[in-house]
Amino acid sequence: MFNLILFGPPGAGKGTQAVKIAEKFGWKHISTGDILRAEVSQGTPLGLKVKSVMDAGHLVSDDLLIAIMESVFLKNNTIVPGFVLDGFPRTLNQAQELDKMLQRHGHKLGLVLALEVDEVELVSRLIKRSQDQGRKDDTEDVVKNRLVQYHRHTEPLIDYYIDKKLYKKVYGVGTIEDIFDQLCAEIKP
Ligand code: AMP
């Protein structure tokens, strides 16, 4: 089983590229943001709990995210040849728990592939997305907060994965197809 993390700040294009990678390699795309948004829109107890946190652009607690990831992994790990993780892990604690979870099941991470996009471009993409999709967490203040959360909690993972020699990066500005080709060139299952 190949486990790929598609890494990068909000607005880098992880969702778009993760879907394409999952389709090309026959892997399962797991977007923790999509999972949480589905819980919110269905009004489940979990959704009610996380809605205000997400709307403010904060991170949902590690415990909840780790439990979600464990349950999705257990549901799929015997039937899919790989995972593309999009939006997880977002903290050092989540990254360490992911390592332990994979290890418990006899698996490991194959690659952490990062999309690099400069901050000005990210803000303008996220604000445009809020207009196109009506996402509550894409207003200007919330966008800025999501980037603050990224720098504070998620960016430190870059060194964590560089140390493990798992980190590769691709410049995430250009056409979707060009970026996709560059990402695929780094993936050697
Ligand atoms: P995304 O669509 O990946 O940008 O995620 C949308 C929102 O869901 C984030 O701003 C967080 O509030 C929450 N979220 C998604 N994934 C995680 C995670 N791994 N850890 C904490 N919160 C998350």
Side-chain angles (χ1 to χ4, degrees), residues 3-22 28-76 83-102 109 112-117 119 121-158 160-161 166 172 183:
N3 295 293
L4 169 74
I5 294 174
L6 201 55
F7 189 86
K14 298 190 294 295
T16 306
Q17 297 294 344
V19 168
K20 290 173 71 66
I21 291 169
K28 183 167 175 63
H29 171 215
I30 301 178
S31 158
T32 46
D34 286 352
I35 292 171
L36 291 168
R37 276 185 291 278
E39 298 282 341
V40 171
S41 70
Q42 289 161 27
T44 64
L46 173 61
L48 294 174
K49 204 166 166 179
V50 301
K51 184 179 185 310
S52 57
V53 179
M54 291 176 73
D55 285 351
H58 289 296
L59 292 184
V60 174
S61 79
D62 283 348
D63 288 354
L64 280 179
L65 263 297
I66 290 159
I68 289 171
M69 189 49 68
E70 181 110 36
S71 110
V72 179
F73 183 81
L74 286 177
K75 241 183 250 163
N76 293 282
F83 287 106
V84 184
L85 304 186
D86 157 14
F88 184 94
R90 258 175 156 103
T91 65
L92 197 54
N93 186 23
Q94 290 179 17
Q96 288 163 340
E97 290 301 320
L98 175 66
D99 286 342
K100 287 189 214 159
M101 184 186 80
L102 291 173
L109 265 181
V112 178
L113 202 42
L115 281 165
E116 285 203 334
V117 176
E119 195 99 353
E121 170 76 15
L122 287 175
V123 173
S124 92
R125 283 188 191 181
L126 287 165
I127 288 168
K128 182 171 182 305
R129 185 162 80 187
S130 86
Q131 287 152 2
D132 295 348
Q133 298 179 359
R135 266 180 65 161
K136 272 225 179 89
D137 60 354
D138 277 354
T139 61
E140 193 161 350
D141 279 352
V142 177
V143 160
K144 295 211 167 117
N145 189 31
R146 294 176 71 210
L147 290 168
V148 168
Q149 302 300 315
Y150 170 79
H151 292 305
R152 189 173 299 160
H153 299 288
T154 311
E155 215 168 27
L157 295 185
I158 295 175
Y160 180 75
Y161 290 123
L166 288 171
L183 292 170

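This is a predicted model, so every value here is computed, not measured. Every number for a ligand or one of its atoms is a count from 1 in the order of the listing. Note that these values count all heavy atoms, side chains included, but never hydrogens, waters or copies made by symmetry.
For ligand 1, the polar-atom distance check finds an N/O of Gly87 within less than 3.5 Å of one of the ligand's N/O atoms. Checked against a 3.5 angstrom limit, the closest N/O atoms of Asp86 and ligand 1 fall outside it. Looking at ligand 1, you won't find any N or O of Asp34 less than 3.5 Å from one of its N or O atoms. Looking at His58 next to ligand 1, an N or O pair under 3.5 Å apart turns up.
Exactly one of Thr44, Asp55, Val40, Leu65 qualifies for a side chain to side chain contact (heavy atoms under 4.5 Å, CB included) with Val50. That residue is Val40. With Gln94 as the partner, the side chain to side chain contact (heavy atoms under 4.5 Å, CB included) test is satisfied by one option alone out of Leu98, Thr91, Leu92: Thr91. Of the candidates Leu166, Leu115, Leu113, Ile158, Ile158 is the only one forming a side chain to side chain contact (heavy atoms under 4.5 Å, CB included) with Phe7.
Distances from atom 7 (C) of ligand 1 to the heavy atoms of Lys14, Met54, Gln149 put Met54 nearest.
Put simply, the side chain of Leu109 reaches to within 4.5 Å of the side chain of Asp99, judged on heavy atoms.
One N or O on the side chain of Asn145 and one on the backbone of Ala56 form a donor-acceptor pair closer than 3.5 Å. Listed for the Arg125 side chain is a donor-acceptor partner under 3.5 Å among the backbone atoms of Ala12.
The nearest protein atom to atom 20 (N) of ligand 1, hydrogens excluded, is given as Gln94 NE2, 2.9 Å; this is a heavy-atom distance. For atom 1 (P) of ligand 1, the closest non-hydrogen atom of the protein is Arg90 NH2, 3.5 Å. Of all protein heavy atoms, the one closest to atom 4 (O) of ligand 1 is Arg146 NH2, 2.4 Å. Regarding atom 21 (C) of ligand 1, its nearest protein heavy-atom neighbour is Val60 O, 3.2 Å. The protein heavy atom nearest to atom 16 (N) of ligand 1 is Thr32 OG1, 2.8 Å.
Within the structure, ligand 1 has Arg37 among the residues with a heavy atom less than 4.0 angstrom away.
At a heavy-atom cutoff of 4.0 Å, ligand 1 is contacted by the side chain of Leu36 but not by its backbone. Contacts of Leu59 with ligand 1, taken as heavy-atom pairs under 4.0 Å, involve both backbone and side chain.
The distance from ligand 1 to the heavy atoms of Phe88 drops below 4.0 Å at these ligand atoms: 19 (N).
Here the NZ atom belonging to Lys14 is positioned 12.5 Å from the CG atom belonging to Leu183, to the nearest 0.5 angstrom. Rounded to the nearest 0.5 angstrom, Arg37 CZ and Thr32 OG1 are separated by 8.5 Å.
The number of heavy atoms from other shown groups lying within 6.0 Å of NZ (Lys49) does not exceed 12.
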